[in-house]
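Take a look at the structure set out below.
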Amino acid sequence: MQTNRSSYPLRLTGALAPRLSRGLWLVKWLLTIPHYFVLIPLWIGFALVSVVAFFAILFTGRYPKGLFDFNVGVLRWTWRVGFYSYSALGTDKYPPFTLKDVPDYPARLEIDYPESLSRGLVLVKWWLLAVPHYLVLGVFVGAAWVATDSGWMFGSGGLVGLLVLFAGVVLLFTGRYPKSLYDFVLGMNRWCFRVAAYAALMTDAYPPFRLDMGGDEPPTAPDAVPTTPAPASA
């Protein structure tokens, strides 16, 4: 018998720094301002690209690869900034200004490129099918999501913001980030970005209703229960 736990096409990871500054988080809102000056136009571009992709998928069943890579880059950049600041406070390493993957940065995001997408699902998944997830994410991040034409720019309000604030206060007085709290925050972030990718038409795989907690993605291979080998024939 096997326990199957398939991976989602979006993979989000975040390695908690072993040592974090006690007080740096108090001014990260200021340090990240240059990133937001770039991210705001990038998210406008994200929305426009998603509209173009909508029609491309509707008529051809494919998401143009160049447009897909751009939108992955926007989500990746957003996650790095969020991980550094108030979506996680997981690192003091300043985020790079790039849409590309940076292997040595502690926060990473990848999405598998779909060779084909359903023409019919593109009409309903971003507004109708994703509604149950929107209700959950409203609790996770509250009103801190910024509306776009195709989804939301990820923010850090709601339960995520409250727990990260609590983690910051604990860090301020003890110099430690509670690991169990960090794992929970990462699980909520992972859920949010999965839904963002689905709503932005980047995958047909419906986001699971579960918290995959921790900095690493859950195992992708099935865990097989060991079986007793059959005796060798004489």
Side-chain angles (χ1 to χ4, degrees), residues 2-14 39 41-80 82-83 96 98-105 107-134 136-137 145 148-154 186-187 189-212 214-224:
Q2 291 183 341
T3 301
N4 227 348
R5 195 178 195 188
S6 59
S7 64
Y8 195 71
L10 181 147
R11 293 174 297 281
L12 179 147
T13 58
L39 280 172
L42 282 178
W43 271 92
I44 294 173
F46 184 97
L48 296 175
V49 162
S50 298
V51 172
V52 174
F54 170 88
F55 287 104
I57 297 166
L58 185 62
F59 290 108
T60 71
R62 293 177 60 86
Y63 198 124
K65 184 65 164 59
L67 301 183
F68 183 88
D69 290 343
F70 172 81
N71 274 3
V72 172
V74 175
L75 290 175
R76 181 183 291 133
W77 193 328
T78 302
W79 170 230
R80 285 195 298 250
F83 186 76
T98 180
L99 296 170
K100 297 179 180 179
D101 180 44
V102 180
D104 64 347
Y105 195 75
R108 300 179 67 187
L109 181 149
E110 291 291 338
I111 307 177
D112 294 333
Y113 176 69
E115 293 299 331
S116 63
L117 291 165
S118 168
R119 299 186 189 189
L121 280 178
V122 76
L123 296 170
V124 294
K125 64 184 179 182
W126 56 276
W127 65 276
L128 178 61
L129 299 181
V131 165
H133 282 285
Y134 294 158
V136 176
L137 268 53
W145 282 38
T148 70
D149 291 342
S150 61
W152 290 269
M153 176 176 172
F154 183 56
L186 262 287
N189 276 284
R190 187 170 287 117
W191 192 326
C192 290
F193 276 90
R194 286 173 177 174
V195 175
Y198 181 77
L201 315 177
M202 303 175 78
T203 180
D204 283 343
Y206 196 71
F209 280 89
R210 68 171 186 253
L211 274 174
D212 287 328
D216 295 324
E217 284 282 343
T220 58
D223 298 318

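Sequential numbering from 1 along the given sequence is applied to the chain's residues.
For P96, the side chain to side chain contact (heavy atoms under 4.5 Å, CB included) partners two or more places apart in sequence, or in a different chain, are R80, T98, V102, Y105. Every residue meeting the ring-ring contact (aromatic ring centres under 6.0 Å, His included) condition with Y206, not counting sequence neighbours, appears here in chain and number order: H133, Y198. Residues satisfying the side chain to side chain contact (heavy atoms under 4.5 Å, CB included) criterion with P103, sequence neighbours excluded, are D101, R108. In this structure D204 satisfies the side chain to side chain donor-acceptor pair (under 3.5 Å) test together with K125, sequence neighbours excluded. Partners of D112 according to the salt bridge (Lys or Arg N to Asp or Glu O under 4.0 Å) rule, which considers only residues two or more places apart in sequence or in another chain, are R11. Residues forming a side chain to side chain donor-acceptor pair (under 3.5 Å) with R76 (at least two apart in sequence, or on another chain): E110. Residues meeting the side chain to side chain contact (heavy atoms under 4.5 Å, CB included) test with L99, sequence neighbours left out: L42, F70, V74, W77. By the salt bridge (Lys or Arg N to Asp or Glu O under 4.0 Å) test, R119 pairs with no residue at all, sequence neighbours left out.
Here the CG-CD1 distance, from L117 to I57, works out to 4.5 Å after rounding to the nearest 0.5 Å. Going from atom CG of L10 over to atom CD1 of I111 covers 4.5 Å, rounded to the nearest 0.5 Å. The line from CZ of F55 to OG of S50 is 12.5 Å long, rounded to the nearest 0.5 Å. Taken to the nearest 0.5 Å, the CH2 atom of W43 stands 5.0 Å off from the OG1 atom of T78. Separation of atoms CG (L201) and CG (L67) is listed at 12.0 Å; rounding is to 0.5 Å.
When all heavy atoms are compared, the tightest approach of F209 to P132 is CZ-CB, 3.6 Å. Taking all atoms of both residues into account, the shortest heavy-atom contact from W126 to A199 is CB-O, 3.1 Å. When all heavy atoms are compared, the tightest approach of L186 to G215 is CG-CA, 4.2 Å. Minimum interatomic distance between L121 and L129 (heavy atoms only, all atoms of both residues): CD2-CD1, 3.6 Å. W79 and T13 get closest at one heavy-atom pair: NE1-O, 3.0 Å. V72 approaches M202 most closely through the heavy-atom pair CG2-CE, 3.4 Å.
Looking at W191, its side chain never comes within 3.5 Å of a backbone N or O of G187 through a donor-acceptor pair. At distances below 3.5 Å, at least one donor-acceptor pair connects side-chain atoms of Y113 with backbone N or O atoms of Y63.
The stretch residues 41-59 participates, sequence neighbours left out, in no salt bridge (charged side-chain N to carboxylate O under 4.0 Å, His left out) pair at all. Applying the salt bridge (charged side-chain N to carboxylate O under 4.0 Å, His left out) test to every pair with at least one member in residues 49-62, sequence neighbours left out, gives these pairs: R62-E115.
Looking at R190, R194, E217, R210 one by one, the single match for side-chain contact (heavy atoms from CB on, under 4.5 Å) with Y8 turns out to be R194.
No side-chain heavy atom of L128 sits less than 4.5 Å from a side-chain heavy atom of L123. Counting heavy atoms from C-beta on, the side chains of T203 and P114 never come closer than 4.5 Å.
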